[in-house]
Amino acid sequence: MTQIFDNPADFADEALDGFVAANRGYVARVDGGVVRSTEVPAGQVALVVGGGSGHYPAFAGLVGPGLATGSACGNMFASPAVGQVYRVAKAANAGGGVLLSYGNYAGDVLHFGQAQLRLNAEGIETRTVLVTDDIASAPLDQIEKRRGIAGDLTVFKIAGAAAEAGLDLDSVERLAIRTNYRTRSLGVAFDGCTLPGAAEPLFHVPAGQMSLGLGIHGEPGISEHPMPTASELAELLVSRLLADKPDDAGNRVVAIVNGLGTVKYDELFLLFGKIEKLLTEAGLTVVEPECGELVTSLDMSGLSLTLLWLDDELEQFWAAPADTPAFRKGNLAPRARRELAGPEEAVAAESEETTAEAADLGRLAAAVLAQVQGVVVEHEEELGNLDAIAGDGDHGIGMRRGVDAAAAAAEESSAAGASVERVLTAAGEAWSERAGGTSGALWGSAVIAAGIALGNRDAYRGEDAAAAVTAFVDAITALGKAEAGDKTMVDALLPFKDTFLTAFDAGTPVASALAAAAAAAQEAADATASLRPLKGRARPLAEKSVGHPDPGAVSFGLIAARISNYLDSELSDFRLSDSQLSDSQLAAAAGNGARS
């Protein structure tokens, strides 16, 4: 039971603040996580790791020379939002590019992926290596679907050592990919973990039983077994991992016995001794092993075994020195402390120059987002009820949280004279961070992508509108991986995009093309009622979903229609393809949007 806290909602942030206070020689706090507080050589690749809080030493405890450059830290067991990942990566970047690495979980993939798109768009070359070491989560022929557990450490350590040695981004990425492929893990639980403020654990294991194949976010295992002896447990873990070894495995392995929170070190050592004996009997040489708490799950009673099959190159980097708050190996020369800009200085450093015309267009963007807020508020209950048919019923609430934050951020940004790009970027970040979940990540990504496509300009033409529509839709399809017919928002998005671009290419004014696209989106959203969901949380309850439209598609159709009507009524004399808004039109439009 987690007992030390004031407000459970503040637990993750306050724990991170305390961690930084206790480790200022290693880490500095930035908005979204931590980065090294010591100097990073210019041109060095920045390894940025991360995930939800509650797994210490992962992820912040692994930041330091020879390992990670920064860590994005989400809420308890929740992915960090795109803005958090982006800000940590920006602070960690030393000019050599950024490698993002994290466990293969849907929320992390969406949020880190969105941050990667944004960083690359700004000229910071960014790559990703997912950790997929958990053999219980998918068969070997579907290794790319496996989740990441304690194998995070091997991938992070070797990638971090390669970056510290001065290798370029291509080489660091290559080594991380190879390490991930040659890493296998399997875990067991004896009882579940308890989130701060919760009265009960997330799951229980029956007395006298053991759960095999657990996750690190409170997920129970895939099967239950009678509680084994230590020798039987060692045999089970070793035999399962050896049966799953990579094709090019050699005979030198790193063995990591990882405690998940409450198993005592004496028990871990006892088990490791038996595991080491079995590995030796199998003809393997154990190289620089680890035994202790490395990737935990709050107070979970459980443990895992990880094996990394080495080659000469990987062994060199596994053995290389590292110096972090929670993981130390060998000796490194002391590093000088560096000065990091505080929040106020960071904001000032990112300020932009805008003309009066660009600021007016920024206010119009905020007014449009106010319209989006209005339609979501109006239909919040309806969207929630629709989602509850075959989902968890939170679509309306999630959209409301996201759009409220987005509209407020847009209003604040536009009041300071920001451009359309800055207004929409602030709105997208706020949407993603406040809404959370898949919907928040997708909408935040799309709004930011549209803002980047529009940029900071004094006027826009029809081609700019087409680029923004394309960027908006492509961001969602690229991150969400959904296709037409999956019964998701994409079923309304694609007809919207196709109709708009077809009409615009035929010479239709932008406002008319937008109206036609919005109508197509609403018609397509209604048509999803006949589909069976192939993606998302509704998929397991597909039969209940048939006969009801997808809530994500419905909400997009409603928003598209409201934006179209707003622009048509407020800007009836304006055609984006022909001219720029007049000052009087902008003032009226922005004023009406703020009042709605």
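- Contacts classified as salt bridge (Lys or Arg N to Asp or Glu O under 4.0 Å) and involving residues 116-128 (residues at least two apart or in different chains) are given here: K90-E122, R118-E122, R118-E429, E125-R127, R127-D170, R127-E173.
- No side-chain heavy atom of V88 sits less than 4.5 Å from a side-chain heavy atom of S71.
- Looking only at atom types and distance, the side chain of D491 has no donor-acceptor partner in the side chain of T528 under 3.5 Å away.
- When the ring pair (Phe, Tyr, Trp, His ring centres under 6.0 Å) test is applied to F500, no partner is found at least two apart in sequence or on another chain.
- When atom types are taken as modelled, the side chain of S564 and the backbone of A560 share no donor-acceptor pair closer than 3.5 angstrom.
- Taking the six-membered ring where tryptophan is involved, the planes of F156 and F59 are tilted, since the angle between them lies from 30° to 60°.
- A salt bridge is defined here as a Lys NZ or Arg NE, NH1 or NH2 lying under 4.0 Å from an Asp or Glu carboxylate O, and E463 with R457 fails to meet this definition.
- Among all heavy-atom pairs drawn from V490 and E483, the shortest one is CG1-C, 4.0 Å.
- The existence of a salt bridge linking R29 and D13 is confirmed by a sub-4.0 Å separation between a basic side-chain nitrogen and an acidic carboxylate oxygen.
- Among pairs with a residue in residues 493-502, those fulfilling salt bridge (Lys or Arg N to Asp or Glu O under 4.0 Å) read D474-K497, at least two apart in sequence or across chains.
- Side chains of T132 and N180: a donor-acceptor N/O pair is present below 3.5 angstrom, by distance only.
- The main-chain N or O of G417 is found under 3.5 Å from a side-chain atom of T354 such that the two form a donor-acceptor pair.
- Shown here is E523, whose CD atom has no more than 12 heavy atoms of other residues, nucleotides or ligands within 6.0 Å.
- No donor-acceptor distance shorter than 3.5 angstrom exists from the side chain of N456 to the backbone of R422, with no hydrogens or angles considered.
- Checking each of L442, V473, V469 against L493 for a side chain to side chain contact (heavy atoms under 4.5 Å, CB included) leaves exactly one that passes, namely V473.
- Between the side chain of T508 and the main chain of A503, a donor-acceptor pair closer than 3.5 Å is present.
- With rounding to the nearest 0.5 angstrom, the CG atom of D360 is 10.5 Å from the OG atom of S414.
- For A94 against P41, the heavy-atom pair with the smallest separation is CB-O, 3.7 Å.
- Ring geometry for Y102 versus F112: interplanar angle under 30°, hence parallel rather than tilted (30 to 60°).
- For D464 (side chain) and L454 (main-chain N/O), no donor-acceptor pair under 3.5 Å exists by modelled atom type.
- To the nearest 0.5 Å, the span separating CG on D458 from CG on L361 amounts to 8.0 Å.
- Partner of E380 under the side-chain hydrogen bond (donor to acceptor under 3.5 Å, both in side chains) criterion, chosen from R401, R400, H395: R400.
- The minimum heavy-atom distance between P549 and V554, with the atom names listed, is CB-CG2, 3.7 Å.
- Considering all non-hydrogen atoms of both residues, A407 and L369 come closest at CB-O, 4.3 Å.
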